[in-house]
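A short write-up of the structure that comes next.
This one's a predicted model, so the numbers in the text were calculated from it and none came from an experiment. Below, chain A is the first sequence line, B the second, and so on; all start at residue 1.
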Amino acid sequence: MTEDVVTPSHFIRQLISKDIAAGRYPDGIATRFPPEPNGYLHIGHAKSICLNFGVAQEFGGVCFLRFDDTNPDRESPEFVESIQQDVRWLGFDWEDRLRHASDYFQQLFDFAVGLIESGNAYVCDLSADEIRTTRGTLTSPGSNSPFRDRNPEENLELFNKMRAGEYDDGSRVLRARIDMASPNIHLRDPTLYRIRRQTHHNTGDSWCIYPMYDFTHPLSDAIEGVTHSLCTLEFEDNRALYDWVLEHVSPPSRPYQTEFSRLSLEYTVVSKRLLTLLVSRGVVSGWDDPRMPTLSGMRRRGFPPEAIVDFCSRIGVTRNQQHVEISVLENCVREALNPTAPRAFGVLRPLRVVIENYPENEEEFLEAQNHPNDPSLGVRQVPFCREIFIEQDDFMEDPPRKFFRLAPGREVRLRYAYLVTCTSVIHDENGNVCEVRCTYDPQTKGGNTPDGRKVKGTIHWVSAKHSLNAEVRLYQPLFKDPNPKFDSDTELEQTLNPDSCETVDNCKLEPSLGDAGIGSPIQLERLGYFCVDPSSTNQKRILNRTVSLRDTWARVKEK
RNA sequence: UGGGGUGUAGCCAAGUGGUAAGGCACCGGAUUUUGAUUCCGGCAUUCCCAGGUUCGAAUCCUGGCACCCCAGCCA
């Protein structure tokens, strides 16, 4: 069987194809996914992971997982662990290619020494403030540091002393000697090393100087033999420095950087800084809150990893500003879940229905399919008795034209059970409907109509006597604004969607759901896809709605 | 009037001088014991704008316009 798996063409694939065709990489290509372990991975990282691991796979190359851990101030082992878990969850395997930029600290130091010896780097005693003010602006050139012309011997001695811990944090840096008047600000004698006494999660206290990204990244790529260093567009201007570094040392290989645009998703933020803020402000319960666009959040929400990989392939890779509608993601999730998720009944907002002509103490089990389109998933027995719950939304006392669920005098099908007709309505002291009375037609067992009569509505139900209680959490986007922006706590407050998590208590589930495992997908018919939350217990069952079903009625109702 | 980028439908996106793929969304219609799924059909006479080159331009040239990124001892 040949399935038409269309791998969409994008410019990076084309570039690699061309490179391979030109014979540039006889030993194969290599890529890397280089996260900084200072936060959890999010949907934007998924795009990069799929790209880097994906093209390596397609072209018979390899992909490294490299922690870009050059800033001990913000990095931690917690993040290192979560990142590995998330990459594996997405289905990618780095095999023996787990690396840390910190593995290369000694080699990086040696390269820096080489740069000093060739007169291409110098130790600068200016303070951070002074460096900033002498850097110039976007439209005016910077001015040379008074330390720019120190000779290599002196620089070398100073740099060694920096490493030996003889100077205070922030008192000196190593700078590349390039061009203070360059129109590209990244080339105005960028800092290569800073002094920072901070225990590193990997190297402990062996270093008190740490290399900067622009120095570390090209050399790490070169050390690993990375051929295609793929990064996001905001590093475009850094490419000149990336190349400069590689051209001014003798690197073990020559990697090239190519940039693509980062993903932004409607109604969400995809920035580690802002996500960190949501966590630290307690806006969400943690990095894995089901509303978070983090991989751990989406996992807890019930998104299957294939859906995320599929999403990444559908959105493509370009250099355009990419602002994707959430419907694309939701569609991928539904498409992944629909063929496999077993069906079950659950009622979110129960309305008691008493079937008056059904015997008081009788109960029976009715057969229901676990998947209407896939008999191989089998059947289950669902208990039925005189009192059941239906969805409040499935009854209207005074229904509009196109409503074809239950209403006074109307007949509907209870899925897999019987046809029932509403005979009367009972109100509470506030005038709200609190109970509905029906009669059932014993001839219609299983929901069949032997007389061929047509029933427009089919609704779900659960037996009052047998049902399980549960709390169900329904999610909406975290933000009101499709393109949320906030710089302060008040702005954050204003843009937050107050209804992003709706907790519905006292929901009723069919008894078979008592066995549902944490995280495994279930479709509650007519309501959506759900999964059991990790915090769920037998005493207090908690379900997350992963995504609702497509709801045409909701649109009809609007009109 | 510093530098680097990007403009194809509501949102993504293919297209690489030969007459606008595909997905999502949307709108019909069929089937349906989930208003789900599935199926079938519709959805850019035009590619940011204006000129030019060419038998022929989304693709090449010129000039505009709009938007994004860069002034960390962050990545």
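Between Arg555(A) and rC27(B) there is a side-chain polar atom (N or O) within less than 4.0 angstrom of OP1 or OP2. Between rU37(B) and Asn338(A), no contact under 4.0 Å exists linking OP1 or OP2 to a side-chain N or O. When the side-chain nitrogen and oxygen atoms of Arg526(A) are compared with OP1 and OP2 of rG35(B), one or more of them lie within a distance under 4.0 Å. Considering only side-chain N and O atoms, Arg314(A) lies nowhere under 4.0 angstrom from the phosphate OP1 or OP2 of rG23(B). Residue Asn238(A) has no polar side-chain atom (N or O) positioned under 4.0 Å from OP1 or OP2 of rC70(B). Phosphate contact (OP1/OP2 of rU32(B), side-chain N/O of Gln369(A), threshold under 4.0 Å): absent. OP1 or OP2 of rG15(B) sits under 4.0 Å from a side-chain N or O of Ser9(A). Between Arg194(A) and rA75(B), a side-chain N or O to OP1/OP2 separation shorter than 4.0 Å is present. Regarding contacts with the backbone of rC68(B), every side-chain N or O of Ser261(A) stays at 4.0 angstrom or more from both OP1 and OP2. A sub-4.0 Å separation between OP1 or OP2 of rA75(B) and a side-chain N or O of Thr70(A) is present. Phosphate contact (OP1/OP2 of rC73(B), side-chain N/O of Arg135(A), threshold under 4.0 Å): present.
Atom name C1', nucleotides rG5(B) and rG42(B): the rounded distance is 37 Å, in whole Å. If you take atom P in rG22(B) and the same atom in rU32(B), they sit 29 Å apart, rounded to whole Å. Going from the C1' atom of rG3(B) to that of rA21(B) covers 37 Å, rounded to whole Å. Separation of the C1' atoms belonging to rA36(B) and rC70(B) is 49 Å when rounded to the nearest angstrom. Distance check on atom C1': rG15(B) versus rG23(B) gives 16 Å, rounded to whole Å. Taking atom P on both rU53(B) and rU62(B), the two are 15 Å apart, rounded to the nearest angstrom. A distance of about 10 Å separates the P atoms of rA25(B) and rU38(B), rounded to the whole Å. Comparing the same atom, P, in rC24(B) and in rU31(B) gives a spacing of 23 Å after rounding to whole Å.
Under 3.5 Å, the side chain of Asp237(A) and the base of rG3(B) form at least one donor-acceptor pair of N or O atoms. Glu325(A) contributes a side-chain N or O that forms a donor-acceptor pair with the base of rG10(B) under 3.5 Å. Under 3.5 Å, the side chain of Arg550(A) and the base of rU37(B) form no donor-acceptor pair of N or O atoms.
Closest approach to the Leu233(A) side chain among rG5(B), rG35(B), rA14(B) is made by rG5(B) (side chain taken as heavy atoms from C-beta onward). Side-chain atoms of Gln321(A) lie closest to rG5(B) of the nucleotides rG5(B), rA75(B), rG23(B). When distances are taken from the side chain of Met212(A) to each of rA13(B), rC74(B), rG5(B), the shortest belongs to rC74(B). Which of rC24(B), rG2(B), rU34(B) sits closest to the side chain of Gln523(A) comes down to rU34(B). Comparing rA36(B), rA75(B), rC24(B) by their nearest atom to the side chain of Arg74(A) picks out rA75(B). Closest contact between the side chain of Pro183(A) and the listed nucleotides rG23(B), rG3(B), rC74(B) involves rG3(B).
Distance Ile83(A) CD1 to rA75(B) C1': 12 Å, rounded to the nearest Å. Straight-line distance from the CD atom of Glu234(A) to the C1' atom of rG5(B): 12 Å, rounded to whole Å. Rounding to whole angstrom units, OH of residue Tyr210(A) and P of rA75(B) are separated by 12 Å. In this structure, the CZ atom of Phe235(A) is 18 Å from the C1' atom of rG3(B), given to the nearest Å. Atom C1' of nucleotide rG72(B) and atom CG of Asp214(A) are separated by 11 Å, given to the nearest angstrom. Here rU8(B) presents its C1' atom at 15 Å from CD of Gln322(A), a figure rounded to the nearest Å. Computed from coordinates, the Ile315(A) CD1 to rA25(B) P distance equals 16 Å when rounded to whole Å. Atom NE2 of His186(A) and atom P of rC73(B) are 11 Å apart (whole Å).
A salt bridge links Arg13(A) with Glu58(A): the distance from a Lys NZ or Arg NE/NH1/NH2 to an Asp or Glu carboxylate oxygen falls below 4.0 Å. No salt bridge links Arg99(A) with Asp68(A); every basic N to acidic carboxylate O contact stays at or beyond 4.0 Å. Ion pairing of Arg380(A) with Glu367(A) is absent here, as no side-chain N (NZ or NE/NH1/NH2) approaches a carboxylate O to less than 4.0 Å. Between Arg526(A) and Asp394(A) there is a salt bridge, since a side-chain N of the basic residue sits under 4.0 Å from a carboxylate O of the acidic one.
Side-chain contact annotation: Glu224(A) with Tyr104(A), donor-acceptor N/O pair under 3.5 Å present. Between Ser127(A) and Asp129(A), the side chains place no donor N or O within less than 3.5 Å of an acceptor N or O (distance only, hydrogens not considered). Side-chain contact check for Gln322(A) and Asn320(A): no donor-acceptor pair (N or O, by modelled atom type) lies under 3.5 Å.
Aromatic ring centroids of Phe109(A) and Phe159(A) lie under 6.0 Å apart.
Across all strands, Arg196(A) comes closer than 4.0 Å to no nucleic acid atom at all (heavy-atom distances). Residue contacts for Thr318(A): at a heavy-atom cut-off of 4.0 Å it reaches the sugar-phosphate backbone alone, with no base atom in range. Nucleic acid contact class of Ser327(A) (heavy atoms, under 4.0 Å, all strands): sugar-phosphate only. Using a 4.0 Å heavy-atom criterion, one finds that Lys402(A) contacts the bases of the nucleic acid, with or without backbone contacts as well. Nucleic acid contact for Asn373(A): base, since at least one base atom lies under 4.0 Å from a heavy atom of the residue. The residue His460(A) sits apart from the nucleic acid: no heavy atom pair falls under 4.0 Å. Contacts of Leu192(A) with the nucleic acid, taken as non-hydrogen atoms under 4.0 Å apart, are absent. Arg343(A) comes within 4.0 angstrom of a nucleotide base, judged by non-hydrogen atoms across all strands.
Nucleotide rA44(B) has no partner under the Watson-Crick or G-U criteria, as no pair reaches both atom distances under 3.5 Å. With a 3.5 Å ceiling on both atom-pair distances, the Watson-Crick or G-U wobble partner of rG63(B) is rC49(B). Base pairing of rC11(B) is made with rG23(B), judged by Watson-Crick or G-U wobble geometry with both donor-acceptor distances under 3.5 Å. With a 3.5 Å ceiling on both atom-pair distances, the Watson-Crick or G-U wobble partner of rA30(B) is rU38(B).
A stacking contact links Trp553(A) to rG35(B): the aromatic ring centre lies within less than 5.5 Å of the base's six-membered ring centre, and the planes differ by less than 30°.
Positionally, the nearest nucleotide of RNA chain B for Arg415(A) lies more toward the 5' end than for the other of Asp129(A) and Arg415(A). Mapped onto RNA chain B by nearest heavy atom, Asn448(A) and Ala128(A) fall at different nucleotides, with Asn448(A) at the one closer to the 5' end.
Rounded to the nearest 0.5 angstrom, Phe79(A) CZ and Tyr40(A) OH are separated by 6.5 Å. Atom CH2 of Trp461(A) is separated from atom CD1 of Ile390(A) by 12.5 Å, given to the nearest 0.5 angstrom.
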